[in-house]
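Just so you know, ligand 1 is whichever comes first in the structure, and atom 1 is the first atom listed for that ligand.
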Amino acid sequence: MNIILIGAQGSGKGTQASLLVQSLGIVHIASGDLFRVVSQEQTELGEKIRSYLDKGELVPDEITVQMILNRISKADCASGVLLDGFPRTVAQAQALDKGLQGAGQYIDMVIYLKVPREELISRLSGRYICQAQQHVYNIYSNPPKVPGLCDIDGSKLYQRSDDRGEALEKRLNIFFTETIRLLDYYRAENRLVEVDGEQAIDQVHVELMKIIKNWDRSPPK
Ligand code: AMP
């Protein structure tokens, strides 16, 4: 089963994605995580990607689409993927549909985790991520047991530089002007489900699992 999870920065998308892939046995593909890994490399591509990430701007489609399609084509994705952070524009969504079609696959469903902008800003001000595996914490609502360290792997927690100031503003603006248009794209094909992301983490997960289990998995017309 191939699922897209759409949600703004701070919507709980990464947390829900981790829970869903565990429950469904599919592969979590987070475009931001893939880019953060490449951006650490001392290569021309690494440097180029780093410049977009630092500014909170979208990496060009020719790099992004190819990276995701390559990842989906790997053997471990045969039983399905959960895409997180991709697509972010209608052009990316169209390129994804085309790429999957060529491989005899399609997106089964698209989930939008809905959270108002004011709530997102307040959540992001407390968001910390572990260096080793990007486990997500919130120092107010979901703090680690030992301050500054990941409960799961013990690595140090850090605040992303693009979770602050101008870069954050820019990322939220892109979401609410561009990414939001994806909803119409997928709604028109009856592939979209909207879920209230202001509920507790467990509640959102239970609701998502219920929806996924009852979903009609026929290919898009
Ligand atoms: P995220 O962790 O999803 O917030 O992504 C971090 C950064 O990676 C974004 O601000 C972009 O610079 C880049 N990025 C992630 N996904 C995409 C995408 N689908 N298209 C273009 N750039 C992306």
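Ion pairing between R181 and D184 fails under the 4.0 Å rule for side-chain N and carboxylate O. Salt bridge D196/K114: absent, no basic N to carboxylate O contact under 4.0 Å.
Scanning all heavy atoms of the two residues, the minimum distance from L34 to I68 falls at CD1-CD1, 4.2 Å. For E57 against I174, the heavy-atom pair with the smallest separation is CA-CD1, 4.3 Å. Smallest separation of non-hydrogen atoms from L120 and G10: CD2-C, 3.6 Å.
Exactly one of T177, L182, L183 qualifies for a side chain to side chain contact (heavy atoms under 4.5 Å, CB included) with T179. That residue is L182.
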Which pairs of nitrogen or oxygen atoms, taken one from ligand 1 and one from the protein, are under 3.5 angstrom apart?
{"unit_1": "ligand 1", "atom_1": "2 (O)", "unit_2": "R36", "atom_2": "NH1", "d": "3.0"}
{"unit_1": "ligand 1", "atom_1": "2 (O)", "unit_2": "R36", "atom_2": "NH2", "d": "3.0"}
{"unit_1": "ligand 1", "atom_1": "2 (O)", "unit_2": "R160", "atom_2": "NH1", "d": "3.2"}
{"unit_1": "ligand 1", "atom_1": "2 (O)", "unit_2": "R160", "atom_2": "NH2", "d": "3.3"}
{"unit_1": "ligand 1", "atom_1": "3 (O)", "unit_2": "R88", "atom_2": "NH1", "d": "3.2"}
{"unit_1": "ligand 1", "atom_1": "3 (O)", "unit_2": "R88", "atom_2": "NH2", "d": "3.0"}
{"unit_1": "ligand 1", "atom_1": "4 (O)", "unit_2": "R88", "atom_2": "NH2", "d": "3.2"}
{"unit_1": "ligand 1", "atom_1": "4 (O)", "unit_2": "R160", "atom_2": "NH2", "d": "3.2"}
{"unit_1": "ligand 1", "atom_1": "4 (O)", "unit_2": "R171", "atom_2": "NH2", "d": "2.9"}
{"unit_1": "ligand 1", "atom_1": "5 (O)", "unit_2": "R88", "atom_2": "NH2", "d": "3.4"}
{"unit_1": "ligand 1", "atom_1": "12 (O)", "unit_2": "E57", "atom_2": "O", "d": "2.5"}
{"unit_1": "ligand 1", "atom_1": "16 (N)", "unit_2": "S31", "atom_2": "OG", "d": "2.7"}
{"unit_1": "ligand 1", "atom_1": "16 (N)", "unit_2": "G85", "atom_2": "O", "d": "3.4"}
{"unit_1": "ligand 1", "atom_1": "16 (N)", "unit_2": "R88", "atom_2": "NH1", "d": "2.8"}
{"unit_1": "ligand 1", "atom_1": "19 (N)", "unit_2": "G85", "atom_2": "O", "d": "2.9"}
{"unit_1": "ligand 1", "atom_1": "19 (N)", "unit_2": "Q92", "atom_2": "OE1", "d": "3.1"}
{"unit_1": "ligand 1", "atom_1": "20 (N)", "unit_2": "Q92", "atom_2": "NE2", "d": "2.9"}
{"unit_1": "ligand 1", "atom_1": "22 (N)", "unit_2": "V59", "atom_2": "N", "d": "3.0"}

